Engineer: 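Attaching a single structure in structure tokens format; questions to follow.
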Amino acid sequence: MQPYDHSKIEPKWQKKWEKAQAGKAKTPSQKKNGGDEQKKFFGLIEFPFPSGDGLHVGHIRSNTAMDIIARKRRREGYNVLYPIGWDAFGLPTENYAIKTGLHPTVVTKRNTDNFRRQLKSLGFSFDWSREVDTSDPKYYRWTQWIFLQLLKKGLAYKQKMFINWCPKDLIGLANEEVIDGKCERCGTAVEKREKEQWMLAITKYADRLDRDLDDVNFLEKIKIQQRNWIGKSEGAEITFKITAGDKKSDSNVSTAESVTVFTTRPDTLFGVTYIVLAPENKLVASLLSHTKNADEIKKYIAEAKIKSEIQRTDAGAEKTGVELRGITATNPANGEQVPVWIADYVLADYGTGAVMAVPAHDSRDFAFAKKYRLPIRQVIAPYFENTTDLIPKKDLPISKRAIVHAIVKHPSQDKYLFISWKDHAWNSLITGGIENNETLAEAGKREILEETGYKNARFIDTSGSSWEIHSYFYAEHKNENRYMVARGAFFQLENEECVEITEDEKKKHDIVWLDAIKARDFLTHINQKYIWDIIQKESAYEGDGKLINSGKFTGRSSQEILKEITEFAGGKWVEKFKLRDWIFSRQRYWGEPIPVIHCEKCGTVPVPEKNLPVKLPKVKNYKPTENGESPLAAITKWVNVKCPTCRGKARRETDTMPNWAGSSWYYLRYADPKNKKAIASPEALKYWTPVDWYNGGMEHTTLHLLYSRFWHKFLFDIGVVPTKEPYVKRTSHGLILAAGGEKMSKSKGNVINPDATVTTVGADSLRLYEMFMGPFDQHIAWDENGIVGTRRFIERVWRLQEKLATATIIATDTTAAGTKDTLIHKTIKKVSEDIEEMRFNTAISTMMIAVNELEKETAVSISHYENLLKLLAPFAPHVTEEIWQTTLKHKTSIHDEAWPSYDPTKIADTISTIIVQVNGKMRASFETSATATENEIQEQALKLPETIKWIGEKPVKKIIVVKGKVVNIVV
RNA sequence: GCCGGGGUGGCGAAAUUGGCAGACGCACUUGCCUUAGGAGCAAGCGGAGUAAUCCUUGGAGGUUCAAGUCCUCUCCCCGGCACCA
């Protein structure tokens with residue numbers, strides 16, 4: 001037998017597979033004449049950006065994962081589409097072109113060639129006949145076409161607005177591309193610049209993008225992150241009429257103006273003490289003439305404009321604002337006149353750009369009101385504050401084992417003690433804490449608590465001295481599903497029962513009985529957060545409760561009257577989203593030209609579809625300009641065109657699309673990549689879409705993944721695609737970090753070059769290692785040493801061939817098969833299941849165990865070995881193929897073999913190992929028939945010498961027998 | 001602050017969902033084989049202890065015959081969002 005030599009095996013099979021077009025998906029029509037269409041599987045990975053750095057080991061991780069799934073699906077009889085392409089437009093290529101003077105097309109060609117070579121060296125089963133390239137005019141023709149459709153439907157529009165401007169990259173950024181006020185790519189602080197920009201109205205799809213997440217099989221964390229980003233919230237729009245002081249008569253006159261606010265808490269309407277507008281709110285200009293301090297207001301607005309995005313949005317920064325003196329707003333609920341302010345803590349582009357301020361119940365309003373000494377009026381009372389109607393009755397059987405928690409306040413300092421204890425809690429509390437007039441003595445001395453019968457006492461703060469019981473406590477009934485919370489003082493207890501409280505006492509005591517397990521949350525959240533807050537009276541109460549000081553709504557519950565109070569105030573119930581429209585233009589060269597023409601007479605005219613693509617012209621200088629114009633603007637020959645409508649003088653749009661454009665629909669092109677008449681034929685789209693399984697990075701959740709869902713929905717609406725969602729299932733992989741746990745980056749010099757690894761240990765070992773190194777969805781640091789483990793594993797699989805010694809195979813086959821059948825069938829089951837759950841690491845360890853077991857045999861059954869190879873083939877396609885065809889002399893590829901199935905009867909153990917525990921500790925084990933009854937197991941367990949030893953003289957109280965698993969003897 | 005995900009040997013990690021904690025792999029130790037070993041084989045490998053035995057899944061408490069797993073509190077790490085009314 002030859003030693004395992006990956007450098008011969010891998011290129012050999014790669015060539016053969018390429019010749020045979022092994023990964024090529026069958027076109028659906030080929031199968032149609034036979035009757036039913038073959039079931040299909042469309043597996044997708046995020047197509048790479050062909051950077052000059054070459055393939056990253058992270059690409060290999062996600063590509064291998066989907067390669068394994070694709071290979072398994074093929075062998076399960078699916079017609080599989082596992083395509084690859086290039087997300088070729090983008091800044092890095094352009095920057096490289098600027099530096100070197102090479103045309104981006106040349107750079108892209110070179111980089112994609114390198115990527116292609118690298119991907120092929122890893123044996124991925126891509127369908128290479130369907131490569132797409134977003135920078136290819138034949139491709140971006142359709143990107144531009146989609147843009148024109150968006151334009152036609154009014155979803156693409158131009159708007160003058162403040163955009164995020166990166167002064168280093170000289171480019172406008174979408175909100176999604178700004179991280180912590182900095183440019184996503186270069187980390188430079190982003191500035192605001194007013195510019196006319198192309199926008200895409202993704203907000204028109206906000207509701208559907210949110211709602212339809214219900215129908216897709218995305219990882220929950222992906223859904224949550226998208227939902228957070230879309231930021232749907234329901235609330236009320238309420239209009240306040242504006243009244244201005246008459247400058248001549250000093251009396252108030254109503255104006256035609258009014259301000260509409262958005263609030264999720266209309267229940268606090270009676271607590272409004274002022275109104276705040278965003279400085280950018282258009283209403284401010286028209287109100288200015290009514291104000292007495294117009295200059296001051298203008299100054300404030302000017303200052304707010306200058307402030308950077310970071311300063312503006314820093315929640316920790318002190319809030320500032322200016323009152324619009326001379327005008328007031330009328331609260332529609334109670335007719336009250338409240339002052340109107342402008343302040344930059346109110347965002348112009350969320351809700352209505354105006355809020356009603358309720359300082360008692362909103363922490364931001366609270367901070368602002370404190371600073372400017374605006375009134376604070378409480379209108380919500382926590383439920384238990386005024387519930388004297390709920391008091392314990394005499395017959396309530398409070399168990400003496402009730403668990404009691406209490407908050408204890410220091411008499412003079414702002415310090416609190418939290419105690420909890422059980423057993424005689426009520427009695428102890430009264431006698432120990434009150435009747436003896438013990439003030440729980442010195443804080444920090446838990447001995448005292450224990451002496452007086454308090455157990456499990458615990459201090460939150462152990463400094464200070466002389467604590468006393470303040471008031472709040474909570475009791476959990478031991479036997480019944482009842483809980484009690486009390487505030488104010490302690491009520492009297494005799495013989496561990498509640499005694500009715502007198503009317504006088506009622507006023508001192510706020511007690512509520514809760515009949516649900518939620519009482520526990522009540523303690524943890526209300527007791528700790530609320531009580532802490534309220535006792536100190538230093539912040540707003542943002543929870544629910546009963547309304548007070550609220551006219552006819554007083555006494556009602558805050559959650560139940562939201563809509564009622566909205567209606568009462570003449571408001572309407574609406575939905576709002578945090579999502580903003582997508583800033584779609586970039587002032588750079590290397591992107592799709594936006595296909596519109598600006599005519600002096602006709603305005604903005606779309607380029608006729610027959611004239612697509614609008615090709616990128618050749619330029620000498622790709623450099624972006626300081627004035628924020630695209631380098632394309634300098635090419636007068638290209639820019640100056642005739643208007644397609646009136647043939648008059650016109651100019652081309654010189655902005656280009658962001659690189660998210662081409663990637664928003666590339667998966668559709670895979671269905672029919674060469675189509676010249678449409679993005680893809682309806683038949684191809686009907687057969688292949690939606691994508692069945694899409695794996696990618698979490699970092700694309702709010703960018704690429706959301707954008708492409710938006711475009712897909714739009715294409716669905718105009719009848720181009722047959723489904724409303726592009727992806728059935730979305731999973732994500734964890735990043736591969738450098739050895740120290742840092743991100744791999746060229747500047748740090750810690751990038752792993754996969755070429756070197758493929759050369760030294762081979763693609764199969766690298767693939768296996770990347771799948772074995774840890775859970776697929778978790779980030780993991782690269783460990784050079786780890787690869788030797790998977791390399792050794794492959795070598796062990798290789799050496800197992802020796803145990804198939806030709807003459808003995810037949811003779812030993814049946815006997816060998818008998819002993820290892822269970823092992824192999826269990827392995828088949830586990831590996832099959834693990835692949836589906838992307839638990840590749842445990843799938844591999846299962847195969848390792850199988851190999852370890854087979855190595856112990858003197859002769860290995862061929863069928864067992866073949867099954868093992870079949871399971872391993874998707875992970876290590878080269879070595880398994882080599883053994884399969886060369887050693888085992890099969891004429892066809894192992895990758896065309898049916899996926900092995902397991903026999904459930906062979907998995908069932910005939911013998912089970914029973915663990916014997918004494919008092920919950922493992923003391924012995926024995927083997928018995930899997931069908932043994934509980935009595936038999938118990939009998940056998942009690943006979944064991946170890947068991948006898950550990951039971952000793954002690955009487956056996958109880959024996960628990962779990963069939964096939966455990967016996968626990970309680971003594 | 002809010003929303004996610006984590007915390008288990010020297011390291012990467014397993015744990016059939018409440019039933020032998022540490023599978024599998026790396027590193028390490030000892031031995032065999034070898035001219036040699038960054039090869040292979042055999043044995044060992046959480047901590048303490050000569051041992052019997054005891055301790056051990058970030059920490060504290062609880063439920064249970066039995067807890068890494070369930071409940072409560074708490075600390076730390078990573079990711080996302082963040083003045084969104």
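Note that the structure is predicted; figures quoted are calculated from it, not measured. Order of the sequence lines sets the chain letters (A, B, ...), proteins ahead of strands, with each chain counted from 1.
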Engineer: To the nearest Å, how far apart are A/D783 CG and B/C24 P?
Structural biologist: 19 Å
Engineer: Could you tell me whether A/V970 contacts a base, only the sugar-phosphate backbone, or nothing, with contacts defined as non-hydrogen atoms closer than 4.0 Å?
Structural biologist: sugar-phosphate
Engineer: In whole angstrom, what separates A/I844's CD1 from B/G12's P?
Structural biologist: 18 Å
Engineer: Let me spell it out: for each of A/G351 and A/S845, pick the nucleotide of RNA chain B with the closest heavy atom. Which residue's pick is nearer the 5' end?
Structural biologist: A/S845
Engineer: Could you check B/U17 for me: syn (within 90° of 0) or anti?
Structural biologist: syn
Engineer: Indicate, with a heavy-atom threshold strictly under 4.0 Å, whether A/W950 touches base, sugar-phosphate, or nothing.
Structural biologist: sugar-phosphate
Engineer: Kindly point out which of B/C65, B/C83, B/G40 is positioned nearest to the side chain of A/K319?
Structural biologist: B/C83
Engineer: Nearest of B/A85, B/A23, B/G19 to any side-chain atom of A/F262?
Structural biologist: B/A85
Engineer: Considering only atom C1', compute the distance from B/G49 to B/G37 and round it to an integer number of Å.
Structural biologist: 37 Å
Engineer: Could you give the CG-to-P distance, from A/D344 to B/A85, as a whole number of Å?
Structural biologist: 18 Å
Engineer: If the P atom of B/A21 is compared with that of B/C32, how far apart are they to the nearest Å?
Structural biologist: 36 Å
Engineer: Are OP1 or OP2 of B/G5 and a side-chain N or O of A/K221 less than 4.0 angstrom apart?
Structural biologist: no
Engineer: When all nucleic acid strands are considered with a 4.0 Å heavy-atom cut-off, which category describes A/T842: base, sugar-phosphate, or nothing?
Structural biologist: sugar-phosphate
Engineer: Looking at the side chain of A/R792, which of B/A14, B/C83, B/A39 is the nearest nucleotide?
Structural biologist: B/A39
Engineer: What does A/V788 touch in the nucleic acid at a heavy-atom separation under 4.0 angstrom: a base, only the sugar-phosphate, or nothing?
Structural biologist: sugar-phosphate
Engineer: Is B/G40 paired to anything, Watson-Crick or G-U wobble with both distances less than 3.5 Å, and if yes, which nucleotide?
Structural biologist: B/C32
Engineer: Send over the distance from A/Q778 CD to B/A13 P, rounded to a whole Å.
Structural biologist: 6 Å
Engineer: Tell me which nucleotide among B/C26, B/G40, B/C65 gets nearest to the side chain of A/R799.
Structural biologist: B/G40
Engineer: For A/N919, report the nucleic acid contact type (base, sugar-phosphate, nothing); a contact means any heavy atom under 4.0 Å.
Structural biologist: nothing
Engineer: Whole angstroms only, please: what is the NZ-C1' distance between A/K856 and B/A42?
Structural biologist: 13 Å
Engineer: Can you label the angle between the A/F875 ring and the A/F840 ring as parallel, tilted or perpendicular, going by 30° and 60°?
Structural biologist: perpendicular
Engineer: If the C1' atom of B/U29 is compared with that of B/C78, how far apart are they to the nearest Å?
Structural biologist: 35 Å
Engineer: Among B/C81, B/C24, B/G19, find the nucleotide with the atom closest to the side chain of A/W229.
Structural biologist: B/C81
Engineer: Check whether A/F218 forms a cation-pi arrangement with A/K223 (NZ or CZ under 6.0 Å from the six-membered ring centre, at most 45° off the ring normal).
Structural biologist: no
Engineer: B/C54, B/C83, B/A85: which one has an atom nearest the side-chain heavy atoms of A/R923?
Structural biologist: B/C54
Engineer: Please determine, for the side chain of A/T263, which listed nucleotide (B/C83, B/C24, B/A85) has the closest atom?
Structural biologist: B/A85
Engineer: Using the C1' atom as the point on both nucleotides, what is the distance between B/U74 and B/G80, in whole Å?
Structural biologist: 24 Å
Engineer: Which is it for B/G9, anti or syn, if anything within 90° of zero counts as syn?
Structural biologist: syn
Engineer: If pairing requires Watson-Crick or G-U wobble contacts with both distances under 3.5 Å, which nucleotide is the partner of B/G4?
Structural biologist: B/C78
Engineer: Looking across every strand, which nucleic acid part, if any, lies under 4.0 Å from A/N841 by heavy atom: base, sugar-phosphate, or nothing?
Structural biologist: sugar-phosphate
Engineer: Quantified in whole Å, what is the P atom distance between nucleotide B/G58 and nucleotide B/A67?
Structural biologist: 15 Å
Engineer: Under 4.0 angstrom, heavy atoms only, what part of the nucleic acid is A/Q917 near: base, sugar-phosphate, or nothing?
Structural biologist: base
Engineer: Is the phosphate of B/U53 approached by A/K949 (side-chain N or O, under 4.0 Å from OP1 or OP2)?
Structural biologist: yes
Engineer: Check every atom of B/C83, B/C20, B/G12 against the side chain of A/F772 and return the nucleotide holding the closest atom.
Structural biologist: B/G12
Engineer: Just call it for A/K578: base, sugar-phosphate, or nothing, with non-hydrogen atoms closer than 4.0 Å on any strand.
Structural biologist: base
Engineer: What integer number of Å spans the C1' atoms of B/U16 and B/C24?
Structural biologist: 16 Å
Engineer: Can you check whether A/S363's main-chain N or O pairs, donor with acceptor, with A/E542's side chain at less than 3.5 Å?
Structural biologist: yes
Engineer: If only atom types and distance count, is the side chain of A/T822 paired as donor or acceptor with the main-chain N or O of A/K906 below 3.5 Å?
Structural biologist: yes
Engineer: A/Y4 vs A/W798 aromatic rings, parallel, tilted or perpendicular, using cut-offs 30° and 60°?
Structural biologist: tilted
Engineer: Find the distance A/Q225:CD to B/C78:P and express it as a whole number of Å.
Structural biologist: 17 Å
Engineer: Counting side-chain heavy atoms from CB outward, which of B/C55, B/A27, B/G4 is closest to A/I224?
Structural biologist: B/G4
Engineer: Scan A/I960 against the nucleic acid and name what it touches under 4.0 Å (heavy atoms): base, sugar-phosphate only, or nothing.
Structural biologist: base
Engineer: Hey, is CD on A/Q2 packed in by over 12 heavy atoms from elsewhere, all under 6.0 Å?
Structural biologist: no
Engineer: Can you tell me if A/S233 touches the phosphate of B/A85, counting only side-chain N or O atoms and a distance under 4.0 Å to OP1 or OP2?
Structural biologist: yes
Engineer: Distance check, P atoms only: B/C70 and B/G7, in whole angstrom units.
Structural biologist: 12 Å
Engineer: Looking at A/F262, does the NZ or CZ of A/K576 lie under 6.0 angstrom from its six-membered ring centre and within 45 degrees of the ring axis?
Structural biologist: yes
Engineer: Look at the side chain of A/N968 against the base of B/C65 and say whether a donor-acceptor pair falls under 3.5 Å; ignore hydrogens and angles.
Structural biologist: yes
Engineer: For the CE atom of A/M356 and the OG1 atom of A/T239, what is their distance to the nearest 0.5 Å?
Structural biologist: 12.0 Å
Engineer: Given the C1' atoms of B/A15 and B/G22, what is the spacing between them in whole Å?
Structural biologist: 9 Å
Engineer: Would you please say whether a donor-acceptor pair under 3.5 Å links the side chains of A/Y769 and A/T757?
Structural biologist: no
Engineer: Let me spell it out: for each of A/M848 and A/I780, pick the nucleotide of RNA chain B with the closest heavy atom. Which residue's pick is nearer the 5' end?
Structural biologist: A/I780
Engineer: How is A/R791 classified with respect to the nucleic acid when contacts are heavy atoms under 4.0 Å: base, sugar-phosphate, or nothing?
Structural biologist: nothing
Engineer: Considering Watson-Crick and G-U wobble pairs with both distances under 3.5 Å, what does B/U64 pair with?
Structural biologist: none
Engineer: Can you measure A/L737 atom CG to B/G12 atom P for me and round it to whole angstrom units?
Structural biologist: 12 Å
Engineer: Just N and O in the side chain of A/Y350: are any of them under 4.0 Å from OP1 or OP2 of B/A85?
Structural biologist: yes
Engineer: Are A/T260 and A/E237 close enough that a side-chain donor and a side-chain acceptor fall under 3.5 Å?
Structural biologist: no
Engineer: At less than 4.0 Å, is any side-chain N or O atom of A/R796 found next to OP1 or OP2 of B/G25? Yes or no.
Structural biologist: yes
Engineer: With a 4.0 Å limit, can you tell me whether A/K921 has a side-chain N or O closer than that to the phosphate oxygens OP1/OP2 of B/C55?
Structural biologist: yes
Engineer: Write down the distance between CD (A/E853) and P (B/A23), rounded to a whole number of angstrom.
Structural biologist: 14 Å
